[in-house]
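Here's the structure, in structure tokens; my notes come after.
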Amino acid sequence: MVNLQKIESKWQKKWEDKKIFQSKKSSKKKFYCLEMYPYPSGSGLHMGHVCNYVIGDVCARFKRMNGFNVLYPMGYDSFGLPAENAAIKNKTHPKIYTEKSIKNFIRQQKEMGLSYDWSRTFSSHQPEFYKWDQWLFLKLYEKGLAYKKKAAVNWCPKCNTVLANEQVVNGKCWRHTETEVEIKELNQWFFKTTDYADKLLDGLDKLEYWPEDIKTIQRNWIGKSQGIEIHFKLKGTNKILPAYTTRPDTIFSVTFVVLAPEHPLVLELVKGTKYEKETLETIKKIKSQSIIERTTPEGKDKIGCFLGKYVINPANNEEVPLYIANFCLVDYGTGIVMADAHDQRDFEFAKKYKIPLKFVISKNGSVIDAETASEAYTADGILFNSEKFSGMKNQESIPKVIDWLEKKKGGKKTTNYRLRDWLISRQRYWGCPIPIIYCNKCGLVPVPEKDLPVKLPEKVKFGDKNPLETNNDFVNVKCPKCKKPAKRETDTMDTFIDSSWYFFRYCDNKNNKKIFDKEKIDYWMPIDQYIGGREHATGHLIYSRFITKFLKQLKLTKIDEPFLRLFNQGMLHKDGVVMSKSKGNTVSQEEIAKKYGIDTARFFLMFISSPDKDKDWNTEGVQSAYKSLIKIYSLLDKKQIKETKELQSKTNKTIKEVTKEIENFNYNIALIKIMDFVNYLTKKGCSKNSLEVLAKLISPFTPHLAEEMWEKLGNKPFISLEKWPKYDPKKIDEKFEAIDAFLEQTKKDINNIIKLVNIKPKKITIFVSETWKYNVFKKIKKELEKTRNTGEIIKNVMDKKYGKEIPKIVTSLVKNPNKIPDLILDQKTEIQVLKEIDIGFKIQIIPAEKSKENKAKQASPGKVAILVK
RNA sequence: GCAGGGAUGCCGGAGUGGUCAAACGGGCUGGGCUUAGGACCCAGUGGCUUAGUGCCUACGCAGGUUCGAACCCUGUUCCCUGCACCA
């Protein structure tokens, strides 16, 4: 019995010693394969991780064998809050904690047999890496894309830091799903992702190898909408309140205008008036609502109040009252909404506060009575009571209304995005310091490039506050401009900055002069295959695209999009829940490797289900995977046979199918085809060539086993660097498959008859009657010369006598005219092959026509009758 | 509510117009091997069955297109994922 563990460590050592997976620039076509770099947690890797990395490894190994110059690196996203928290909890330093975790990760990943180029690895907490974060920050600052502003931001009380919009999930913190995010007014650093909103959106159309759903998610996240800012003039002043809308067709329906409670104008408007008290109370009430309460459609009541002011509708010069309302959001559009009878929220609000409503759209243009209406009319229809637009279809009127309002100077056509600028500052220690200095005299001064990196101090005190704030050595510096005492920025950067460009760094990870060498990344980038979780759709995958577009603007890269192909793997479940440390249902890599070998785990994980689907871990399946590997390896002990045409056909067909399936990421089906081949070889015998092909086909999945087989077959290492087998379409002969099917059927028939007669015969004679089929066959062939229309041929050939066998034969022949369909076989072949059937008896076949044996025993058309002697 | 994906046998999961009662694997049943078990090998695994190259019923549900549908079209139910008072 083969010892999988032993051969695994043997080959891992050899791979490492010979550095066979190191990649250098060459004239070969490149292929950059990458998995999203992991956050190195202290708890190590489990089967869920193994699954993710093996998907990438199979891809990398396959491409490598197919003649590509493959870049397949690994690194670590080592900054971040969890490490800081874990370190504090374990009374150790985040750096020590993290580096220990990384070491452990590397060991585990090596034990998985992943074909990484380890010479290119790095971790984002290393100053050699984060120096370039800071450099990027300065570049963004230089171009006005990094800026500081006071804003209402999301604050997680558990993390003790602010969060980006992308890190807020259902109003809760992405790391603490029980913790409500608070809104705080803080002075924070932002990256101006919104400047790239259009580019980010348009770029999606070019990403033809991205999953549709991810593109849709990003489109929705960017949320581009075309509309108009309508200028409502505050009554009695020249002040303009712009209200953004995508539905200017409802302009004549407007009966009030709503401001967001946080809108800076609100307090100004009510100051010193009798409405001030109520307004303040209402704002307080709204702010006490959680985000969920405020932003769920079915949710809570509409809350708001009248501000005592009126604005003028530029379309008809009507005065309408001004309100604040909880459903109006300050950071979307202009924070001002025109309200009418054609929006459910507005409608409910109006009913509650007894604001009059008027409809201007109905299905057929007939007037709707606002008094009796019970809900908003939100569907499309015909306009009425809309001056010159009455009678138009509302959708068609939209551009016309916009034109008309623009001409009247009552508004301005605008595009709006849901995308927010990226909030990047964090009030935590374990991150990359923001390279900014505050000087009393010079103000905000960027750290000069030559002073980079701004190193994160190691000796710090962990307490209630950000440890950087209490570290005087770090905080107190000289102003780079005036040399007077100044203070450093103590916020650190969001770790998503590290991950938004790290993939460039693999191409040139040791460069200490530049962020990377342009020539090198021009060769390697973009990433041909990126593999990672769907959950990064709106975070990492947008940030990376943003930074790449920025790098292009700096002329540091030619590429526009970093990830050519994206693959989202499914999650590994156990007992119906996602396998994860927090759920406590993990299966450790060591446990499985020790018992079955890591190749078994690799095989199992790729076999159970398509890589993009969720899968379930089950113990029986692992055992059967183990058995399969044993079965494959034990083929080596079998006596080898000479190549037959049939074996060649099967071998070539398997190469063809497996290659196609791997290319399409159908790894499970590829393995099924491989196992089919293995079963075939087990039964019918194998040749040296067929075993070599088998070893190559299986090598991306179970590389250790394949190397061992390769060596045992008398070849020099390494199979990992061998050429992927090519198939010869000429050698694939479907006839053999048909014969196989025929044999199966014959065997069944024989067994049935033996059961029936209930004897153990010494000799069986089989009669084959095929005459009728040959006639039909000839007829169809003739028809085929006239037309390829299946239906027509069937009609012409159809004969009551032959029933439903005919369509089958016709279809088969239409599909492949050279393949002998079904049971229409060369009778000579039958005789040859049937001799090989092992049913424990000797059998003899006599073509039916020639048979002068007992007529009663003659077979019915196409099948077999047996005469027992 | 909007968007995307899905529903197949005891289970996981193939199959996108015909050789489909449905690959492959697991489970289960029977047989062989074995002192026994395991491993391995063989057979069976929708129902009926006069045992037949037979009939019926089936790929969420209901219709439609077609000589022919698990596969195409329409409607419908349920499930998952993402966004969500976005004006």
Side-chain angles (χ1 to χ4, degrees), chain A residues 1 169-170 211-221 223 225 227 243-247 250 258 293-300 302 325-329 331-340 342-346 348-349 378 416-418 534-535 537-538 604 607-610 612-616 618-621 623-625 627-628 630-631 634 666 668-669 671-676 679 682-683 737-738 741 745 747-749 751-752 755-756 790-795 798 803-812 814-815 821-823 838-840 859-865:
Chain A
M1 186 91 91
V169 180
N170 289 330
E212 265 326 299
D213 59 331
I214 300 291
K215 287 197 268 185
T216 311
I217 291 170
Q218 291 208 351
R219 280 193 191 104
N220 291 343
W221 189 261
S225 69
Y244 175 76
T245 183
T246 54
R247 292 290 307 275
T250 62
V258 182
E293 280 173 325
R294 222 178 123 176
T295 59
T296 309
E298 308 82 31
K300 300 290 160 167
K302 306 285 172 271
N326 58 345
F327 63 82
C328 185
L329 307 173
D331 58 359
Y332 182 79
T334 56
I336 304 170
V337 180
M338 64 179 216
D340 52 64
H342 296 284
D343 182 285
Q344 190 57 27
R345 297 155 294 174
D346 301 349
E348 282 169 28
F349 189 84
T378 53
N416 222 314
Y417 301 92
R418 217 190 61 107
R534 199 172 266 105
E535 67 275 17
T538 55
F604 169 74
F607 182 73
I608 31 173
S609 171
S610 165
D612 61 331
K613 288 204 176 134
D614 291 347
K615 39 205 141 263
D616 261 302
N618 74 77
T619 319
E620 288 99 7
Q623 271 167 2
S624 83
K627 279 194 244 166
S628 301
I630 299 298
K631 198 170 173 182
S634 58
N666 295 324
N668 56 330
I669 303 173
L671 284 175
I672 283 168
K673 304 283 184 198
I674 290 173
M675 282 319 290
D676 192 43
N679 287 336
T682 311
K683 273 187 197 156
E737 307 271 321
Q745 187 57 48
K747 267 166 80 176
K748 260 184 203 171
D749 288 346
N751 280 330
N752 272 339
K755 246 192 242 163
L756 251 169
T790 320
E792 208 174 304
I793 299 173
I794 293 170
K795 269 185 211 160
M798 203 37 116
K804 63 182 184 184
E805 288 270 24
I806 290 170
K808 292 180 187 174
I809 299 170
V810 173
T811 320
S812 173
V814 168
K815 262 191 175 169
D822 199 19
L823 307 179
D838 180 19
I839 53 164
S860 49
K863 287 286 168 176
V864 175

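Below, chain A is the first sequence line, B the second, and so on; all start at residue 1. Just so you know, these numbers come straight off a predicted model, no measurement behind them.
- Closest to the side chain of A/Thr216, from the set B/rC83, B/rA87, B/rA3, is B/rA3.
- Residue A/Glu212 contributes atom CD, which lies 12 Å from atom P of B/rG6 at whole-angstrom precision.
- Applying the side chain to side chain donor-acceptor pair (under 3.5 Å) criterion to A/Asp676, with sequence neighbours excluded, gives A/Lys650.
- In this structure, A/Gly621 and A/Thr682 both approach RNA chain B, and ranking their closest nucleotides by distance from the 5' end singles out A/Gly621.
- A/Asn679 places a side-chain heavy atom less than 4.5 Å from the side chain of A/Lys631.
- Between A/Asn679 atom CG and B/rC41 atom P the separation is 8 Å, expressed in whole Å.
- Taking 4.0 angstrom as the limit, A/Tyr244 places none of its side-chain polar atoms (N or O) nearer than this to OP1 or OP2 of B/rA87.
- Partners of A/Arg418 according to the salt bridge (Lys or Arg N to Asp or Glu O under 4.0 Å) rule, which considers only residues two or more places apart in sequence or in another chain, do not exist here.
- B/rG18 sits 28 Å from B/rG12 when the C1' atoms are compared, rounded to a whole Å.
- Using a 4.5 Å cut-off on side-chain heavy atoms (C-beta onward), A/Phe349 and A/Cys328 make no contact.
- Using a 90° window around 0 for the glycosidic torsion, B/rG52 falls inside it and is classed as syn.
- One atom, NZ of A/Lys631, and another, C1' of B/rC24, lie 11 Å apart when rounded to the nearest Å.
- In terms of phosphate contacts, A/Arg345 brings a side-chain nitrogen or oxygen within less than 4.0 Å of OP1 or OP2 of B/rC86.
- In the set B/rA87, B/rC40, B/rG82, the nucleotide with an atom closest to the side chain of A/Ile217 is B/rG82.
- One interatomic measurement links the two molecules: CG of A/Asn220 to P of B/rG4, which rounds to 9 Å at whole-angstrom precision.
- Panel note: side chain A/Gln218, backbone A/Thr538; no donor-acceptor pair is recorded below 3.5 Å.
- Nucleic acid contact for A/Lys673: none, since no nucleic acid atom lies under 4.0 Å from a heavy atom of the residue.
- The phosphate of B/rG5 (OP1 or OP2) has no side-chain N or O of A/Arg534 nearer than 4.0 angstrom.
- Between A/Tyr244 and A/Val337, every side-chain heavy-atom pair lies at or beyond the 4.5 Å cut-off.
- Among the atoms of the strands shown, none is found under 4.0 Å from any heavy atom of A/Arg219.
- Side chains of A/Ser624 and A/Phe604 form no contact here, defined as non-hydrogen atoms less than 4.5 Å apart.
- Remark: A/Asp346 pairs with no residue by the salt bridge (Lys or Arg N to Asp or Glu O under 4.0 Å) rule, at least two apart or across chains.
- Under the salt bridge (Lys or Arg N to Asp or Glu O under 4.0 Å) criterion, A/Asp614 pairs with no residue at all, not counting sequence neighbours.
- Distance, A/Trp221 CH2 to B/rC2 C1': 16 Å, rounded to whole Å.
- Distance CG (A/Asp213) to P (B/rG4): 10 Å, rounded to an integer number of Å.
- Not one side-chain nitrogen or oxygen of A/Lys215 sits closer than 4.0 Å to the OP1 or OP2 atom of B/rG4.
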Seminar exercise, completed: Dot-bracket for RNA chain B, 5' to 3', Watson-Crick and G-U pairs with both distances under 3.5 Å, [ ] for crossing pairs, | for partner on another strand, reads ((((((((.[[[..)..(.....]]]((((((.......))))))(((.....)))...[[[[[..)....]]]]])))))))....
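- Atoms OH (A/Tyr417) and C1' (B/rA87) sit 17 Å apart, rounded to a whole Å.
- For the C1' atom pair drawn from B/rC73 and B/rG82, the interatomic distance equals 28 Å after rounding to whole Å.
- The distance from atom CG of A/Asn666 to atom P of B/rU16 is 11 Å, rounded to the nearest whole Å.
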Just the atom pairs and distances: protein N or O near nucleotides 7-14 of chain B's N or O, under 3.5 Å.
| residue | atom | partner | partner atom | Å |
| --- | --- | --- | --- | --- |
| B/rA14 | OP1 | A/Lys613 | NZ | 3.1 |
| B/rA14 | OP2 | A/Lys613 | NZ | 3.3 |

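- One P atom belongs to B/rG38, the other to B/rG26, and the distance between them is 15 Å to the nearest Å.
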Problem set entry | CA sep, side-chain torsions, deciding dist, call: A/Arg247, A/Asp340, salt bridge (charged side-chain N to carboxylate O under 4.0 Å, His left out) | CA-CA 10 Å; A/Arg247 292 290 307 275; A/Asp340 52 64; over 6 Å; no
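- Contact annotation: the side chain of A/His342 approaches that of A/Thr250 to within less than 4.5 Å [non-hydrogen atoms, C-beta and beyond].
- A distance of about 4 Å separates the C1' atoms of B/rU8 and B/rC59, rounded to the whole Å.
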